[in-house]
Amino acid sequence: MSSVVHPHLAAPPAVPSAGRGLAVLLLAVSAFVIVTTEFIIVGLLPSLSRDLGISISTAGQLVTLFAFTVMLAGPFLTALLSHFERKRLFVTILVIFAGANALAAAAPDIWILGLARFLPALALPVFWGTASETAGELAGPEKAGRAVANVYLGISGAMVLGIPIGTLASTAFGWRGTFWGLAGLSLVMAVLLFVVMPTLARPARVKLAEQARILKDPYFLGNVVLSVIVFTAMFTAYTYLADTLEQIAKIPVGQVGWWLMGFGVVGLGGNWLGGQFVGRGPLMVTAVTALVLAIGMAATTLVAGSHLWLAVAIAVWGIANTALYPICQVRVMQSASHAQALAGTLNVSMANAGIGLGAIIGGSVIQHLGLGTVGYVAAAIAVLAAIVAALVGRLRPARAAA
């Protein structure tokens, strides 16, 4: 076995296998709650803008606030908190989410609501950076990839169930009721993790300057840049998938939501596949999956006239899209010689950068070239990601290659 395996991933902790598996499952459910908290605001904007007497564009700044906070503060806070015992850290993060969601539910104006969105945005990247690492530690090196994929299943679960259910709940109970529900779920998960999750060995404290040494490693930086390109490709097209279905494929407005639901459902399988295959070589698997993603995105526009073939193209796209979540996380973490929690959070931050960049590129393409070309441009970026993956492989240090 290679001598560069991170010490946290060297062996599973001395707790029963069933207990480790249940802890990973609870981390996945916690991820579901956290991701739902992040994105649910999109479905609540119309109602909260009416209740608070603000414009939709002003309310939309809450989305920008959350994303930019994750991107900018995540790496520093994760490096600062990476030595904390994991069980206490996760419980604390979920308590923060519970309190922030409760504050959002009771917010009298946009300013208090902004504070309620800012606080969990600080905690979210810390959760992702450390939860991925901890899932690998709980499962052991042979099952680490699958464990990280299970945690990332929370992302797919939130896309498929969390956001639609939350939006429906806001119709039934109002946007404040939705936030109260998320506050309760966050608190329940904090209690369950406190009871079930084993207390793991406290990670050694590493100085910020020592952790930041990974930023001098060309191989690690290459993997981080690759994640930006991958997520840019994904969200150049995905951000405008609903419009593509309605305007290009002529799907009736009332059915678009079900097509999006289907995209997320097949993505659950992609998440599993990503965890299964990432262990065979993260860079190679990234390149192959990016090419499959390119085929799915380009084909969606190409076969839009046939709903049967459109469903096939959407399935290919959805599987590759969601598979890239765990693949990118595992790839970036394994490329770091140390400070894997910081590495995991940097990947989340760069994913947010790619999401924002993809939305900007897609919007610009629509404005200048038309909606019908978005899938092709996104596919070209995905092909670029596959090429970059091959180039990054040449940067691999000799010790890692061994």
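- Between the side chain of Ser30 and the backbone N or O of Leu26, at least one donor-acceptor pair lies under 3.5 Å.
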Only pairs under 3.5 Å count here: list side-chain donor-acceptor contacts from residues 281-290, not counting sequence neighbours, and write none if there are none.
residue	atom	partner	partner atom	Å
Thr286	OG1	Pro282	O	2.7
Thr286	OG1	Arg331	NE	3.1
Thr289	OG1	Val285	O	2.7

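- Side-chain atoms of Val292 and Trp317, non-hydrogen and from C-beta on, never get closer than 4.5 Å to each other.
- One N or O on the side chain of Asp109 and one on the backbone of Ile112 form a donor-acceptor pair closer than 3.5 Å.
- Among Leu103, Leu65, Ile110, the one residue that satisfies the side chain to side chain contact (heavy atoms under 4.5 Å, CB included) test with Leu115 is Leu103.
- Scanning all heavy atoms of the two residues, the minimum distance from Leu122 to Val126 falls at O-CG2, 3.7 Å.
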Test ring-ring contact (aromatic ring centres under 6.0 Å, His included) on Tyr325 and Phe231; report intermediate values, then the result. CA-CA 9 Å; Tyr325 283 108; Phe231 277 87; 5.6 Å; yes

Intermediate values then yes/no, side-chain contact (heavy atoms from CB on, under 4.5 Å), Asn321 and Met297: CA-CA 10 Å; Asn321 189 86; Met297 293 189 298; over 6 Å; no

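- Contact check for Ile96 versus Phe127: no side-chain heavy atoms found under the 4.5 Å cut-off.
- Taking CZ of Phe68 as the reference point, atom OG of Ser349 lies at 12.5 Å (rounded to 0.5 Å).
- Of all the heavy atoms in Tyr376 and Ala298, the pair that sits closest is CE2-O, 3.6 Å.
- The two residues Leu52 and Ala107 come nearest to each other via the heavy atoms CD2-O, 4.3 Å.
- Taking both residues in full, the closest heavy atoms of Gly372 and Thr301 are given as O-CG2, 3.1 Å, listed atom of the first, atom of the second, then distance.
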Phe66 and Phe118: side-chain contact (heavy atoms from CB on, under 4.5 Å), yes or no, with the steps? CA-CA 6 Å; Phe66 201 107; Phe118 174 74; over 6 Å; no

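- Distance check: Thr36 OG1 to Leu182 CG gives 6.5 Å after rounding to the nearest 0.5 Å.
- Under the 3.5 Å distance criterion, the side-chain polar atoms of Arg117 are left unmatched by any main-chain donor or acceptor of Ala104.
- Atoms CG and OG1, from Leu241 and Thr300 in turn, are 7.0 Å apart once rounded to the nearest 0.5 Å.
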Distance-only check: which donor-acceptor pairs under 3.5 Å involve side-chain atoms of residues 244-254, not counting sequence neighbours?
residue	atom	partner	partner atom	Å
Thr244	OG1	Tyr240	O	3.0
Lys250	NZ	Gln247	O	3.1

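- Remark: Ala315 engages Val266 in a side-chain contact (heavy atoms from CB on, under 4.5 Å) (not counting sequence neighbours).
- Going from atom CD1 of Ile366 over to atom CD1 of Ile361 covers 12.0 Å, rounded to the nearest 0.5 Å.
- In this structure the side chain of Phe97 never reaches within 4.5 angstrom of the side chain of Leu119, judged on heavy atoms.
- In this structure, Leu62 and Gly114 approach most closely via the heavy-atom pair CD2-CA, 3.7 Å.
- Between Leu268 and Thr322, the closest side-chain pair of non-hydrogen atoms is not below 4.5 Å.
- Annotation: side chain of Ile327 is not in contact with side chain of Phe277 (no heavy-atom distance under 4.5 Å).
- The shortest heavy-atom contact between Ala23 and Val196 is N-CG1, 4.4 Å.
- Side-chain atoms of Val332 and Met350, non-hydrogen and from C-beta on, never get closer than 4.5 Å to each other.
- Although no hydrogens or angles enter the test, the distance criterion places a donor-acceptor pair under 3.5 Å between the side chain of Arg86 and the main chain of Phe84.
- How far CD1 of Ile387 is from CD1 of Ile229: 10.0 Å, rounded to the nearest 0.5 Å.
- Between the side chains of Asn101 and Trp180, no donor-acceptor pair of N or O atoms lies under 3.5 Å.
- Rounding to the nearest 0.5 Å places CD1 of Ile93 at 10.0 Å from CG of Leu193.
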Check the pair Phe90, Phe194 against ring-ring contact (aromatic ring centres under 6.0 Å, His included), reporting the backbone distance first and the verdict last. CA-CA 9 Å; Phe90 295 145; Phe194 180 79; over 10 Å; no

